[in-house]
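Both ligands and their constituent atoms are indexed starting at 1 by order of listing.
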Amino acid sequence: MRTAISGLDLRRATSVDDALRMLADEARTPIAGATDFYVALNFGTLAPRRFVDIWGIDDLRGIDVRHDVLVMGALTTYTDIIRSPLVAERLPMLIDAARQIGGPQIQNRGTIAGNVANGSPAADAVPVFAAADAVVVLRSIRQERRVPITQFYTAYRTSVMRADELIVAVEVPRVDGKQWFRKVGTRAAQAISKIVAAGVRGASPKFALGSVAPTVVRAYATERALASGTPIEQAALTLTREIAPIDDVRSTADYRGQVAQRLLRRFWSETN
Ligand SMILES: Cc1cc2nc3c(=O)[nH]c(=O)nc-3n(C[C@H](O)[C@H](O)[C@H](O)COP(=O)(O)OP(=O)(O)OC[C@H]3O[C@@H](n4cnc5c(N)ncnc54)[C@H](O)[C@@H]3O)c2cc1C
């Protein structure tokens, strides 16, 4: 049953410090673009009751390159990404992902921090961040810390982010190699991924997958196999040992296992 809005308490933050104080002192949960929030509201699965709206905090917007690192503010939307010359130059696979996330309405409101924080193993931006060695910048009123995205998730929809922390940015170091992204869904638009993959073909190949385990997977053993010249068919077998797909409403474990191997082969042939 839909969550009753009358039972919810929402305040609007005017600055990052204002939001951080509300997280710490009033135990509020942040809302950014609200695209995942509304889904939970609609399905009645929303646990928190007290929220802070961070959408109006302009300090959390903007895409920049600092010290050769691409820095994207937490409120960077998919539309911002699609339109950004800096992202086009440094992280084109993120643009490929952004174009396939929801439709224009979702792309206008959905944010990268929301995608990361929501913690879905099917989140399309997260394999891109994992393959690009992205770092999540977390801030509380006490401190700021940087967590590699590959160490951010601890279990299904669970992460190292504390309740009093806000993601303030995602940082991506220079990516060395040819970038590749592929999403497999029921249809071309407005589909949640059955399986999603991102890769970088450089001196040391990188490959990450979504929807094949409780969290997004960075396939380190497969990467090592590829780097050492192991034939792709054998590397694909290594990949099956690194993932743990399940049967659910969108697909079967067997299908996901087979498609994961196929995506690895395509990554390798298309970036040759
Ligand atoms: C119709 C539809 C289609 C969609 N299609 C896709 C798709 O194709 N691919 C895909 O990956 N996703 C998809 N989504 C999911 C969603 O749009 C994305 O995950 C989006 O990036 C969420 O961002 P948001 O700002 O709207 O998050 P919100 O809904 O505002 O928040 C989501 C979660 O993140 C937390 N949060 C938000 N910002 C921060 C922050 N700065 N710091 C800490 N925590 C934060 C919130 O507390 C909440 O738990 C779709 C959703 C809808 C409704």
Side-chain angles (χ1 to χ4, degrees), residues 3 8 10 12-13 15-16 19-20 22-24 27-43 45-61 72-82 94 96-130 136-140 144-145 147 152-153 157-170 181-198 209-211 216 250:
T3 307
L8 305 182
L10 176 71
R12 227 168 241 155
S15 67
V16 175
L20 294 178
M22 286 191 220
L23 296 187
R28 289 178 185 271
T29 299
I31 299 178
T35 59
D36 277 318
F37 166 80
Y38 267 105
V39 173
L41 191 72
N42 206 32
F43 285 105
T45 54
L46 205 59
R49 289 289 177 268
R50 296 155 66 81
F51 297 93
V52 49
D53 177 359
I54 61 170
W55 184 254
I57 307 176
D58 283 339
D59 283 351
L60 293 177
R61 299 183 198 285
M72 293 173 282
L75 291 178
T76 298
T77 64
Y78 302 110
T79 300
D80 295 334
I81 287 165
I82 292 164
L94 184 59
D96 292 342
R99 284 190 202 285
Q100 294 177 64
I101 290 179
Q105 298 91 338
I106 297 299
Q107 290 166 7
N108 286 340
R109 288 287 303 195
T111 65
I112 53 168
N115 203 238
V116 169
N118 191 46
S120 165
D124 288 321
V126 179
V128 171
F129 291 145
V136 182
V137 185
L138 294 166
R139 196 184 297 168
S140 69
E144 183 170 285
R145 61 187 179 123
V147 180
F152 185 77
Y153 301 106
R157 287 185 180 267
T158 310
S159 76
V160 299
M161 183 171 68
R162 293 190 283 261
D164 66 344
E165 285 179 318
L166 206 57
I167 298 174
V168 291
V170 175
F181 174 84
R182 194 61 47 90
K183 169 172 174 166
V184 179
T186 315
R187 50 182 192 257
Q190 294 281 20
I192 299 176
S193 292
K194 286 173 186 282
I195 175 164
V196 51
L209 290 148
S211 279
V216 165
R250 284 192 292 281

Measure [X] to ligand 1 on non-hydrogen atoms and call it side chain, backbone, both or neither using the 4.0 Å cut-off.
X: Y78; result: side chain
X: S120; result: neither
X: M161; result: side chain
X: I101; result: both
X: K183; result: side chain
X: T111; result: both

Give the intermediate values and the outcome of side-chain contact (heavy atoms from CB on, under 4.5 Å) for residues I195 and L209. CA-CA 7 Å; I195 175 164; L209 290 148; 4.2 Å; yes

Between [X] and ligand 1, is there a nitrogen or oxygen pair with a distance under 3.5 Å?
X: V39; answer: no
X: L166; answer: no
X: P30; answer: yes
X: F37; answer: yes
X: A32; answer: yes

Ligand-residue contact atoms, ligand 1 with [X], heavy atoms, under 4.0 Å:
X: A113; answer: 40 (C), 41 (N)
X: G33; answer: 24 (P), 25 (O), 26 (O), 30 (O)
X: T29; answer: 47 (O)
X: T35; answer: 16 (C), 17 (O), 18 (C), 20 (C), 22 (C), 23 (O), 24 (P), 26 (O), 29 (O), 53 (C)
X: A117; answer: 34 (O), 35 (C), 36 (N), 44 (N), 45 (C)
X: A123; answer: 11 (O)
X: I31; answer: 30 (O)
X: G102; answer: 3 (C), 5 (N), 6 (C), 7 (C), 8 (O)

Between S193 and D124, is a side-chain contact (heavy atoms from CB on, under 4.5 Å) present by the stated rule, with each step listed? CA-CA 7 Å; S193 292; D124 288 321; 2.5 Å; yes

Does any part of the side chain of [Y], heavy atoms only, come nearer than 4.5 Å to the side chain of [X], both counted from C-beta?
X: V216; Y: F152; result: no
X: M72; Y: F129; result: yes
X: Q105; Y: T35; result: no
X: V136; Y: V160; result: no
X: L60; Y: V168; result: yes

Under 4.0 angstrom from atom 49 (O) of ligand 1, is there any protein heavy atom? no

Donor-acceptor check, side chain of [X] to backbone of [Y], threshold 3.5 angstrom: yes or no?
X: K194; Y: V184; answer: no
X: E144; Y: V137; answer: no
X: K183; Y: A191; answer: yes
X: T111; Y: G33; answer: no
X: R61; Y: G73; answer: no
X: Y153; Y: V116; answer: yes
X: N115; Y: A125; answer: yes

Using heavy-atom distances only, which candidate in I54, D36, L60 approaches atom 14 (N) of ligand 1 most closely? D36

Going by the closest heavy atom to atom 28 (P) of ligand 1, which one wins out of A163, A34, G73? A34

How long is the straight-line distance from CD of E165 back to CG of L20, given to the nearest 0.5 Å? 9.5 Å

[atom]: nearest protein contact (heavy atom, Å):
atom: atom 9 (N) of ligand 1; result: D124 OD2, 2.7 Å
atom: atom 3 (C) of ligand 1; result: Q190 OE1, 3.7 Å
atom: atom 52 (C) of ligand 1; result: I106 CD1, 3.5 Å
atom: atom 12 (N) of ligand 1; result: N115 ND2, 3.7 Å
atom: atom 42 (N) of ligand 1; result: I167 N, 2.8 Å
atom: atom 37 (C) of ligand 1; result: G114 CA, 3.7 Å

Residue pair I31, W55: steps toward the side-chain contact (heavy atoms from CB on, under 4.5 Å) verdict: CA-CA 7 Å; I31 299 178; W55 184 254; over 6 Å; no

Could you walk me through whether R157 and N118 pass the side-chain contact (heavy atoms from CB on, under 4.5 Å) test, one step at a time? CA-CA 7 Å; R157 287 185 180 267; N118 191 46; 3.3 Å; yes

With the threshold set at under 4.0 angstrom, would you say A191 reaches ligand 1 through any of its heavy atoms? yes

Q105 heavy atom under 4.0 Å from ligand 1: no

